[in-house]
Amino acid sequence: MDFEKQIKVFKDLGYDFAEGVTKELILRDVYEMTWEEETEKHIEENPFSILYYFYGWRDSAVKGRNYTDDCIWFDLEFFDSSSEYKWFMERMGVITHGDMIFSDITIDTDSDDWEWIDFKVNGIPKRWKLEKTGIIPDHFVERFSSLNKELGFSRQFTYYDNGGQQWVIDYANKSEQKEFNEKTGLNREWLGEGNHFKALPESHDEVPSKTLQQKFVSIYSKLASRFQSQ
């Protein structure tokens with residue numbers, strides 16, 4: 001399918017490239033990622049699949065760096081730097097366009113050399129177990145799949161890959177998911193479906209220490225109040 005026709009379909013679906021993203025820039029970046037000499041032909045022979053990745057791409061030539069704020073193109077190997085967990089989590093919030101806001105994100109290591117990530121989502125404190133230091137926890141990505149139900153949102157995170165180890169995370173409701181797949185012919189799934197990531201480790205959730213302390217204080221206050229009233 002013609003390059004411009006694919007862009008039009010994406011535009012009809014609500015995807016717009018950021019200021020500074022040009023056809024020339026897309027073709028350059030596609031070439032650098034695929035090494036396909038006939039880059040435009042490669043995009044046309046793989047309708048929507050190649051371009052979809054680039055709606056979630058980043059480039060220093062673009063103001064704000066991101067091609068769009070609608071989806072994320074990622075690879076597990078990008079988590080080599082622990083700072084990427086924070087970046088990824090913040091971006092997961094950005095693509096929800098206000099539904100979810102992730103803040104106070106920190107990573108620590110326990111006495112058994114397991115890494116944990118503490119954060120707040122819409123002000124709710126959480127603590128997720130990652131992996132032993134130096135091991136990439138791909139289950140971390142799938143953890144986001146249940147947040148929409150917990151927070152009461154109809155939209156949820158989606159997952160797409162074209163058979164490689166890189167993938168695109170998006171955010172949609174059921175009708176948007178159906179329309180996207182019908183118009184593009186892509187088999188985009190809901191994040192959490194399929195066997196794309198490893199199972200969670202044991203004891204994968206833990207109440208953040210501050211919450212535990214607050215609960216203790218609350219219980220102590222109630223007991224003290226009862227004692228004083230007797």
Side-chain angles (χ1 to χ4, degrees), residues 1 5-19 21 26 46-58 62 64-76 78 85-103 105 117 119-126 128 138-164 166-200 204-205:
M1 181 184 288
K5 287 183 179 179
Q6 292 183 50
I7 294 291
K8 184 180 185 306
V9 171
F10 275 116
K11 192 175 184 65
D12 291 342
L13 288 168
Y15 295 83
D16 279 308
F17 282 119
E19 181 182 350
V21 178
I26 294 170
N46 296 274
F48 303 107
S49 179
I50 303 298
L51 273 180
Y52 186 38
Y53 275 80
F54 280 87
Y55 279 91
W57 190 233
R58 309 181 79 214
V62 180
R65 295 186 63 87
N66 299 291
Y67 269 35
T68 73
D69 282 335
D70 297 319
C71 55
I72 307 170
W73 173 2
F74 215 75
D75 185 319
L76 288 176
F78 295 168
Y85 294 107
K86 183 176 185 295
W87 180 88
F88 182 82
M89 183 171 277
E90 289 173 340
R91 287 296 296 170
M92 288 291 273
V94 168
I95 68 172
T96 70
H97 297 288
D99 276 1
M100 300 182 200
I101 299 174
F102 296 91
S103 62
I105 305 167
I117 183 166
F119 63 97
K120 289 181 180 178
V121 54
N122 294 1
I124 302 171
K126 290 187 172 295
W128 288 351
D138 59 356
H139 50 76
F140 167 69
V141 178
E142 193 155 321
R143 300 296 302 274
F144 293 86
S145 63
S146 62
L147 290 177
N148 68 298
K149 290 183 180 179
E150 180 180 338
L151 298 172
F153 296 119
S154 61
R155 284 184 169 82
Q156 55 188 305
F157 292 109
T158 69
Y159 173 93
Y160 171 77
D161 71 45
N162 58 9
Q166 299 180 349
W167 25 264
V168 180
I169 299 292
D170 209 318
Y171 190 67
N173 60 31
K174 290 181 179 179
S175 62
E176 290 167 340
Q177 179 85 317
K178 181 181 179 182
E179 183 182 20
F180 180 92
N181 286 340
E182 287 177 348
K183 288 188 174 181
T184 64
L186 302 180
N187 183 30
R188 191 172 75 178
E189 303 171 289
W190 299 115
L191 181 63
E193 293 183 352
N195 298 308
H196 303 295
F197 302 98
K198 294 179 182 177
L200 294 171
H204 51 269
D205 283 309

Trainee: Checking Lys174 now: which residues fulfil salt bridge (charged side-chain N to carboxylate O under 4.0 Å, His left out) with it, not counting sequence neighbours?
Mentor: none
Trainee: Under the salt bridge (charged side-chain N to carboxylate O under 4.0 Å, His left out) rule, collect the residues that match up with Asp16, sequence neighbours excluded.
Mentor: Lys11
Trainee: Identify the heavy atoms of Ile95 and Tyr171 that sit nearest to each other, and give their distance.
Mentor: O-CB, 3.8 Å
Trainee: At what distance, to the nearest 0.5 angstrom, does CZ of Phe144 lie from OG1 of Thr96?
Mentor: 11.0 Å
Trainee: With ring centroids as reference points, do Phe17 and Tyr67 lie under 6.0 angstrom apart?
Mentor: yes
Trainee: Closer than 4.0 angstrom, basic N to acidic O: yes or no for Glu142 and Lys198?
Mentor: no
Trainee: Hey, could you give me the CD/OH distance between Glu90 and Tyr85, rounded to the nearest 0.5 Å?
Mentor: 15.0 Å
Trainee: Under 3.5 Å, sequence neighbours excluded: what are the donor-acceptor pairs made by side chains of residues 184-191?
Mentor:
{"unit_1": "Thr184", "atom_1": "OG1", "unit_2": "Phe180", "atom_2": "O", "d": "2.7"}
{"unit_1": "Thr184", "atom_1": "OG1", "unit_2": "Leu186", "atom_2": "N", "d": "3.1"}
{"unit_1": "Arg188", "atom_1": "NE", "unit_2": "Gln177", "atom_2": "OE1", "d": "2.6"}
{"unit_1": "Arg188", "atom_1": "NH1", "unit_2": "Tyr15", "atom_2": "OH", "d": "3.2"}
{"unit_1": "Arg188", "atom_1": "NH1", "unit_2": "Tyr52", "atom_2": "OH", "d": "3.0"}
{"unit_1": "Arg188", "atom_1": "NH1", "unit_2": "Asp170", "atom_2": "OD2", "d": "3.1"}
{"unit_1": "Arg188", "atom_1": "NH2", "unit_2": "Gln177", "atom_2": "OE1", "d": "3.0"}
{"unit_1": "Glu189", "atom_1": "OE1", "unit_2": "His196", "atom_2": "NE2", "d": "2.6"}

Trainee: Drop me the distance from Asp138's CG to Asp75's CG, to the nearest 0.5 angstrom.
Mentor: 11.0 Å
Trainee: Applying side-chain contact (heavy atoms from CB on, under 4.5 Å) to Ile101 and Asn122, what does each step give before you reach the verdict?
Mentor: CA-CA 5 Å; Ile101 299 174; Asn122 294 1; 3.9 Å; yes
Trainee: Taking it one step at a time, do Trp73 and Phe54 satisfy ring-ring contact (aromatic ring centres under 6.0 Å, His included)?
Mentor: CA-CA 7 Å; Trp73 173 2; Phe54 280 87; 4.9 Å; yes
Trainee: Looking at every heavy atom in both Asn162 and Tyr53, which two are closest together, and how far apart are they?
Mentor: N-OH, 3.0 Å
Trainee: List the atom of Arg155, the atom of Asn148, and the distance in Å for their closest heavy-atom pair.
Mentor: O-CB, 3.1 Å
Trainee: Between Gln6 and Met1 (side chain of the first, backbone of the second, donor and acceptor by atom type, cut-off under 3.5 Å), is there such a pair?
Mentor: yes
Trainee: Do Phe140 and Ile117 make a side-chain contact, defined as non-hydrogen atoms from C-beta onward lying under 4.5 Å apart?
Mentor: yes
Trainee: Who pairs with Lys120 by salt bridge (charged side-chain N to carboxylate O under 4.0 Å, His left out), at least two apart in sequence or on another chain?
Mentor: Asp104
Trainee: Which is it for Trp167 and Tyr160 under the side-chain contact (heavy atoms from CB on, under 4.5 Å) test, yes or no, and what are the steps along the way?
Mentor: CA-CA 6 Å; Trp167 25 264; Tyr160 171 77; over 6 Å; no
Trainee: Run the side-chain contact (heavy atoms from CB on, under 4.5 Å) test on Phe157 and Ser145 for me, step by step, so that the C-alpha distance in whole Å, both residues' side-chain angles and the decisive distance to 0.1 Å come before the verdict.
Mentor: CA-CA 6 Å; Phe157 292 109; Ser145 63; 5.9 Å; no
Trainee: Return yes if some donor-acceptor pair links the side-chain N/O of Asn66 with the main-chain N/O of Gly64 below 3.5 Å, else return no.
Mentor: yes
Trainee: Kindly write out the residues that satisfy side chain to side chain contact (heavy atoms under 4.5 Å, CB included) with Lys178, not counting sequence neighbours, or none if the list is empty.
Mentor: Glu182
Trainee: Looking at Phe102 and Met89, what are the two nearest heavy atoms and their distance?
Mentor: CD1-O, 3.2 Å
Trainee: Kindly write out the residues that satisfy salt bridge (charged side-chain N to carboxylate O under 4.0 Å, His left out) with Asp69, not counting sequence neighbours, or none if the list is empty.
Mentor: Arg91
Trainee: Any side-chain heavy-atom pair from His97 and Asp70 closer than 4.5 angstrom?
Mentor: yes
Trainee: Of all heavy-atom pairs between Phe197 and Val141, which one has the smallest distance, and what is that distance?
Mentor: CZ-CG1, 3.8 Å
Trainee: Output the distance between atom CD (Gln156) and atom CG (Leu151), rounded to the nearest 0.5 Å.
Mentor: 12.5 Å
Trainee: Can you see which heavy atom on Pro125 is nearest to which on Gly123, and at what distance?
Mentor: CD-O, 3.4 Å
Trainee: Would you say the rings of Phe48 and Phe10 are close, in the sense that their centroids are separated by under 6.0 Å?
Mentor: yes
Trainee: Okay, side chain of Asn173, backbone of Glu176: is any donor-acceptor separation there less than 3.5 Å?
Mentor: yes
Trainee: Which is it for Phe119 and Trp128 under the ring-ring contact (aromatic ring centres under 6.0 Å, His included) test, yes or no, and what are the steps along the way?
Mentor: CA-CA 9 Å; Phe119 63 97; Trp128 288 351; 4.8 Å; yes
Trainee: Please evaluate residues Val168 and Asp161 with respect to the criterion side-chain contact (heavy atoms from CB on, under 4.5 Å), reporting the C-alpha separation (whole Å), side-chain torsions for both, the decisive distance (0.1 Å), and the verdict.
Mentor: CA-CA 6 Å; Val168 180; Asp161 71 45; over 6 Å; no
